[in-house]
Amino acid sequence: MLIDTLNECIIDMKTIYELETVSADTKKQAIADYNFKQLVMSLKQTISEVNLAVDNSDFKPSIQVVSALKSLLGACDKIIQTGAANNATTTYINSESKKLYAVIGKEWGEYYTKSTSSILSLLDTVKGILSNEEKAKFAANKIKKAAIWNATIDNYHYLEQGLAEANQILDDLDIDRNSDILSFLKLVSDGNATIKNLTDEILAWIRAENLEDKMFIKF
């Protein structure tokens, strides 16, 4: 009887162990599935952000970025089709996604700088001669809202508004953007203007715009 009872206990222990193993595996898979789901949502968010930038600016991601996004989506689709989500694949795709996100941010930064550096510099140059200097500051601040990747739709709209306002400010000044006058104003803004820079054209423009009392000579 004792041996029979012992054998039954051993059988029961094996059953418990098997159930515990199945339970542990189930929990492990549930965690893997959850992590993979979060990864897919993050990747979807990245694609939405890229589309948002493309739709609301002249930004165009490189062929390499588009190809990498398609590759990651393909990998995720394969995992979904086979039901083979696990920590190794999720960790790898997550790592590649973060690297790609950084690349997109770098490309956006290059696009932003190329698109705005000149107009921001011009705003800084002319703000001192405007009747309302705040207009230039407001336009510049709107443009700068989209300087960092992952801008919201509002910031893209601010960028568009800021550029439009900046261009209107420069148009109202009626100064050729390649003129000696603007070059002189840049020198003034940088504190590098000298008497030698005052040509007849620039002096005539200063008088016409009543700017004599807005410019100072320093030694």
Side-chain angles (χ1 to χ4, degrees), residues 46 48-66 100-219:
T46 296
S48 296
E49 290 171 8
V50 172
N51 286 332
L52 192 65
V54 170
D55 291 342
N56 292 278
S57 71
D58 293 326
F59 174 66
K60 295 292 184 295
S62 67
I63 295 174
Q64 290 79 6
V65 163
V66 175
L100 180 59
Y101 198 84
V103 171
I104 298 171
K106 183 174 181 294
E107 290 190 3
W108 170 261
E110 292 171 350
Y111 159 77
Y112 173 86
T113 299
K114 183 178 180 180
S115 302
T116 65
S117 59
S118 177
I119 197 76
L120 286 173
S121 177
L122 290 175
L123 282 177
D124 187 60
T125 297
V126 304
K127 66 183 180 182
I129 65 172
L130 298 176
S131 57
N132 183 2
E133 184 176 328
E134 294 302 310
K135 289 178 63 177
K137 292 182 179 178
F138 289 150
N141 287 337
K142 287 181 179 180
I143 293 171
K144 292 175 182 177
K145 283 182 177 291
I148 305 300
W149 171 244
N150 191 21
T152 65
I153 184 66
D154 289 338
N155 286 349
Y156 289 120
H157 290 164
Y158 278 128
L159 173 61
E160 184 179 15
Q161 292 171 12
L163 289 173
E165 291 173 11
N167 283 313
Q168 187 60 56
I169 288 170
L170 296 173
D171 289 343
D172 290 344
L173 288 173
D174 196 25
I175 303 174
D176 188 325
R177 299 191 188 187
N178 295 316
S179 70
D180 291 339
I181 294 173
L182 204 53
S183 297
F184 172 74
L185 289 176
K186 183 67 170 64
L187 290 172
V188 172
S189 178
D190 294 339
N192 295 322
T194 69
I195 297 297
K196 290 183 178 180
N197 299 124
L198 290 171
T199 64
D200 291 340
E201 177 189 6
I202 293 172
L203 284 170
W205 178 79
I206 290 173
R207 294 190 184 100
E209 298 295 326
N210 297 314
L211 299 176
E212 293 99 322
D213 59 348
K214 289 189 175 184
M215 295 183 179
F216 302 88
I217 296 175
K218 295 183 179 180
F219 293 93

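Because the structure is a prediction, the values reported are computed rather than measured.
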Tell me, please, which residues at least two apart from [X] pass side-chain contact (heavy atoms from CB on, under 4.5 Å).
X      : value
Ile195 : Leu198, Ile217
Phe138 : Glu134
Thr199 : Glu201, Ile202
Thr113 : Ser117

Compile the donor-acceptor pairs under 3.5 Å between side chains in residues 153-162 and protein atoms, sequence neighbours left out, one pair per line.
unit_1, atom_1, unit_2, atom_2, d
Asn155, ND2, Lys145, O, 3.3

Do [X] and [Y] have side chains that get closer than 4.5 Å, going by heavy atoms?
X      : Y      : value
Ile148 : Tyr112 : no
Val50  : Trp149 : yes
Val126 : Leu173 : yes

As an exercise, state the distance from [atom1] of [X] to [atom2] of [Y], rounded to the nearest 0.5 Å.
X      : Y      : atom1 : atom2 : value
Leu100 : Thr46  : CG    : OG1   : 7.5 Å
Glu165 : Leu123 : CD    : CG    : 9.5 Å
Thr125 : Leu187 : OG1   : CG    : 9.0 Å
Leu120 : Ile143 : CG    : CD1   : 4.5 Å

Excluding sequence neighbours, so at least two apart, what forms side chain to side chain donor-acceptor pair (under 3.5 Å) with [X]?
X      : value
Asp172 : Gln168
Glu107 : Ser62
Lys106 : Glu110
Asn197 : Thr194

### Task
Using the salt bridge (Lys or Arg N to Asp or Glu O under 4.0 Å) rule, collect all pairs that involve residues 114-127, keeping only residues at least two apart or in two chains.
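For residues 114-127, and leaving out neighbouring residues, the salt bridge (Lys or Arg N to Asp or Glu O under 4.0 Å) pairs sorted by first residue read Asp124-Lys127.
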### Message
Please enumerate all residues that pass salt bridge (Lys or Arg N to Asp or Glu O under 4.0 Å) together with Glu209, with sequence neighbours excluded.
### Response
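Salt bridge (Lys or Arg N to Asp or Glu O under 4.0 Å) list for Glu209, sorted by chain: empty.
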### Residues which pass salt bridge (Lys or Arg N to Asp or Glu O under 4.0 Å) with Glu49, listed by chain and number, not counting sequence neighbours
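Partners of Glu49 under the salt bridge (Lys or Arg N to Asp or Glu O under 4.0 Å) test: none.
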Might you point out which heavy atoms bring [X] and [Y] nearest each other, and give the distance in Å?
X      : Y      : result
Ala147 : Trp108 : O-NE1, 3.7 Å
Leu163 : Ser115 : CD2-O, 4.4 Å
Ala166 : Ala139 : N-CB, 4.1 Å
Asp58  : Tyr111 : N-OH, 3.1 Å

### Message
Other residues, nucleotides and ligands only: do more than 12 of their heavy atoms fall within 6.0 Å of CG on Asn192?
### Response
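For Asn192, atom CG is crowded (more than 12 foreign heavy atoms under 6.0 Å).
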### Message
My understanding is that only one of Leu182, Ile169, Asn167 makes a side chain to side chain contact (heavy atoms under 4.5 Å, CB included) with Leu122; could you say which?
### Response
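Answer to the side chain to side chain contact (heavy atoms under 4.5 Å, CB included) test with Leu122 among Leu182, Ile169, Asn167: Leu182.
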